[in-house]
There are 2 protein chains.
Amino acid sequence: MADVARTAGVSAQTVSRALRGSPNVNPETKRRVLVAVEQVGYRFNSAARALSSGRSHTIGLVLLASGGYYSRSAVTAGVEAAAGEAGYAVNIATIAALDTGLMERALSKLADQGVDGFVIAVPLISVTPKMEDITRDIPTVTLDGSRTAGARVLGIDQQEAGRVATQHLLDLGHRQVWHLSGPDEWIEARRRRQGWQECLAAAGVEAPPLLEGDWSPDSGYRQGQIIAMIPEVTAVFVASDEMAFGVIRALQERGRSVPDDVSIVSVDDIALAAYCSPPLTTVRQDFYRYGAAAVALLLQGDDADVDESVAAASLSVRASTAPPRSR
Amino acid sequence: MADVARTAGVSAQTVSRALRGSPNVNPETKRRVLVAVEQVGYRFNSAARALSSGRSHTIGLVLLASGGYYSRSAVTAGVEAAAGEAGYAVNIATIAALDTGLMERALSKLADQGVDGFVIAVPLISVTPKMEDITRDIPTVTLDGSRTAGARVLGIDQQEAGRVATQHLLDLGHRQVWHLSGPDEWIEARRRRQGWQECLAAAGVEAPPLLEGDWSPDSGYRQGQIIAMIPEVTAVFVASDEMAFGVIRALQERGRSVPDDVSIVSVDDIALAAYCSPPLTTVRQDFYRYGAAAVALLLQGDDADVDESVAAASLSVRASTAPPRSR
DNA sequence: AGCGTTCTTGTTAGCCATAGCATCGATAAC
DNA sequence: GTTATCGATGCTATGGCTAACAAGAACGCT
């Protein structure tokens, strides 16, 4: 930087100001500085900047290794894009499972890296004192997760998603709608389940027994085998597309046709949903947008003009749902 | 840190040594330091460490936003896990498309962040002088991509994958194997194509016209519509699972059965491959492992005991392939 | 002309950890 | 006993940048 300053004939401080777009710099001086930067091949040192300014211009993103890979990938892309736009870098930490210990370690690791904020894309329900500690010091946005000290929560209306999916099946004439839920530790899973329950209750239908999977297609397959054995099931609301793939496969292998015998609705609308056989009717989730919105919320601080809740209730109707055959 | 030193009754330097596991520290002193750290609630400042030591303990990961989301997600997880193991953080940069300009910007951004190394998971073929410049200064591992100045390439034997897939179809008795390739700019696509060509040549079969998609299920669907119109096609090697989903859907919609009328083999073995209808026969790729291996290669420097090439030729035989009907 | 403002630039003092050298005592070797 | 060697620790300078203050120049006003 000293080289640049010398070449441009100004002080280091002026170089710093020029590069950071400080308002009070003579345009001509700024030009000279930029030319000098080019000439010298200068590249600023972000460690030094972080040390000096106290801010690293880095956001820590916490992800869960299990769970849908589509959502992870899309959320990451959204976060990265929005962060990059604002001049922030993104540091990731993955936790292998929903576990408070792992979560503490991940946050701790990112905090050590000196991130300026967290985007937590892990729907952990319980919050430990240590987690509170860390998130008290560093601004945090939780993506549809639990509320922790001072953390903002970007809410996605998963309950509405559950309601929309269930209502769609009822509207088609199904008398009963079963539900294959995600694991109970996941807030998404709970909320979608609540939406399902509410919707059934509103329709005066008693909820059938709950099935539970772990988001994996394989768990969907296993639960699908059970579903196939119960003749009275005509409609299932599956909590994720990936599980729905498994369910459908199991049903078909056992000679139950989708949607003729059993209708399936799920949630996510991943890229492959339209290419399932039959194409999945599913509630769309815009993960990329969630990621971007989380960053916006994080960076804008209190005067956020971002809506803290992103609706998630647009149904993509495809071919996995139909009126019940027996009508 | 000064607080810690005071509390432990030692100098700051000793604290630094104790925390970094320097060999010449009295165990008793070390213990005292650790206790003091706990007491004071000290968390080291990585910016200062980076500034002082010249190394940031951060790896830059370059990803492509398009292309399969499964692979992206799995590679990221592998990189993150291996990096974390070695005490490195991961900084990501996504580029929206295969474009040298975007690539330069991504590398530049990461270089500004002061990363100690790059893992480039983008199979860009051409390398610009500016890219060379950056990667000359910073150790780089390219994941099956192009060789650039001083960069190591972790080769995945995609050609072998193409060969295995094609051979499988020939072995089943197909006289001819068509190929739906990925975009030409992708090295993976080229290599798989070469494997296909070689295999056909070795069998004395003249290669049919090449079809090309963009990795998306939708492009698979569109090409699948074309394939469905050509009665003589009995076997297709599709360059990715996601495209295969689209191809199969298109064939089925037009009344061509898979595998009875047309056999389909693809590459990747994503989580959903086993739940396609019919389940996909596909060449397995262990993306997580590729990511982890890239990091190992990067960090171990020249005395890498990592094999620079990871074989990728294990075929998961499922139900999308069968002998041709007309035999 | 004289004075207060505003704009632009420079000076100085850190930010926090580490490298490198210096120091000191203890152990080993002669 | 004396010197060489080694292990443990401390001191000081330094990395590259920015915050805070200081100072000079330019401008507008009375």
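Reckoned from all heavy atoms, side chains included, excluding hydrogens, waters and symmetry mates.
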(message) Applying salt bridge (Lys or Arg N to Asp or Glu O under 4.0 Å) as the test, list every pair that has at least one member in residues 1-15 of chain B; sequence neighbours left out.
(response)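 For residues 1-15 of chain B: B/Asp3-B/Arg6.
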(message) Within the 4.0 Å heavy-atom criterion, would you say A/Ser11 contacts the bases, only the backbone, or no part of the nucleic acid?
(response)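 Base, at least one base heavy atom under 4.0 Å.
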(message) Any heavy-atom pair between the side chains of B/Gln158 and B/Ile187 that's under 4.5 Å?
(response)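 Side chain of B/Ile187 against side chain of B/Gln158, heavy atoms only: no contact under 4.5 Å found.
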(message) Can you confirm whether B/Arg43 sits close enough to A/Ile134 that some side-chain heavy atom of one is under 4.5 Å from a side-chain heavy atom of the other?
(response)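 Yes; the side chains approach each other to less than 4.5 Å.
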Please list, chain by chain and in numerical order, all residues satisfying side-chain contact (heavy atoms from CB on, under 4.5 Å) with [X], sequence neighbours excluded.
{"X": "A/Ala48", "value": "A/Asn45, B/Leu51"}
{"X": "A/Asp184", "value": "A/Arg190, A/Arg193, A/Glu212"}
{"X": "B/Ser52", "value": "none"}

(request) Using the ring-ring contact (aromatic ring centres under 6.0 Å, His included) rule, collect all pairs that involve residues 14-44 of chain A, keeping only residues at least two apart or in two chains. (result)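 Counting only pairs at least two positions apart or across chains, no ring-ring contact (aromatic ring centres under 6.0 Å, His included) contact touches residues 14-44 of chain A.
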(request) For residues 96-138 of chain B, pull every pair meeting ring-ring contact (aromatic ring centres under 6.0 Å, His included), keeping only residues two or more places apart or in separate chains. (result)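 Non-adjacent pairs meeting ring-ring contact (aromatic ring centres under 6.0 Å, His included): zero.
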Anything under 3.5 Å between a donor and an acceptor, one on a side chain of residues 57-70 of chain A, the other on a protein residue two or more places apart or in another chain? List them.
residue	atom	partner	partner atom	Å
A/Thr58	OG1	A/Ser56	O	3.2

(message) So that I can tick it off, tell me whether B/Arg136 and B/Asp133 are bridged by a salt bridge, with the cut-off set at under 4.0 angstrom between side-chain N and carboxylate O.
(response)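 Result for this pair is yes, salt bridge flagged.
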Enumerate donor-acceptor pairs with a distance under 3.5 Å from any side-chain N or O in residues 87-102 of chain A to protein atoms, sequence neighbours excluded.
residue	atom	partner	partner atom	Å
A/Thr94	OG1	B/Glu80	OE1	3.1
A/Asp99	OD1	A/Gly101	N	2.7
A/Asp99	OD1	A/Leu102	N	2.9

(message) For a side chain to side chain donor-acceptor pair (under 3.5 Å) check, start with the C-alpha distance between A/Ser11 and A/Thr14, then their side-chain angles and the critical distance, and finish with the verdict.
(response) CA-CA 5 Å; A/Ser11 73; A/Thr14 300; 3.2 Å; yes
(request) Give me the first and last nucleotide of DNA chain D, going 5' to 3', that has any atom under 4.0 Å from a heavy atom of chain A. (result)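 With heavy atoms of chain A under 4.0 Å away, the range is D/dG16 to D/dA20.
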(request) May I ask you to list the residues of residues 26-37 of chain B, by number, that have any heavy atom positioned under 4.0 Å from an atom of DNA chain C? (result)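 Output list: empty, so none.
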(message) Angle between the two end axes of the helix from C/dA1-D/dT30 to C/dC30-D/dG1, five base pairs per end, rounded to 10 degrees?
(response)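 Inter-axis angle at the ends, rounded: 30°.
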Taking N or O atoms only and anything under 3.5 Å, show me the protein contacts with nucleotides 15-19 of chain C, one pair per line.
residue	atom	partner	partner atom	Å
C/dA17	OP1	B/Tyr42	OH	2.5
C/dA17	OP1	B/Asn45	N	3.2
C/dA17	N3	B/Ser52	OG	3.1
C/dT18	OP1	B/Arg49	NE	2.8
C/dT18	OP1	B/Arg49	NH2	3.2
C/dT18	OP2	B/Ser16	OG	2.3
C/dT18	O4'	B/Ser52	OG	2.4
C/dA19	OP2	B/Arg20	NH1	3.0
C/dA19	N6	B/Gln13	NE2	2.8

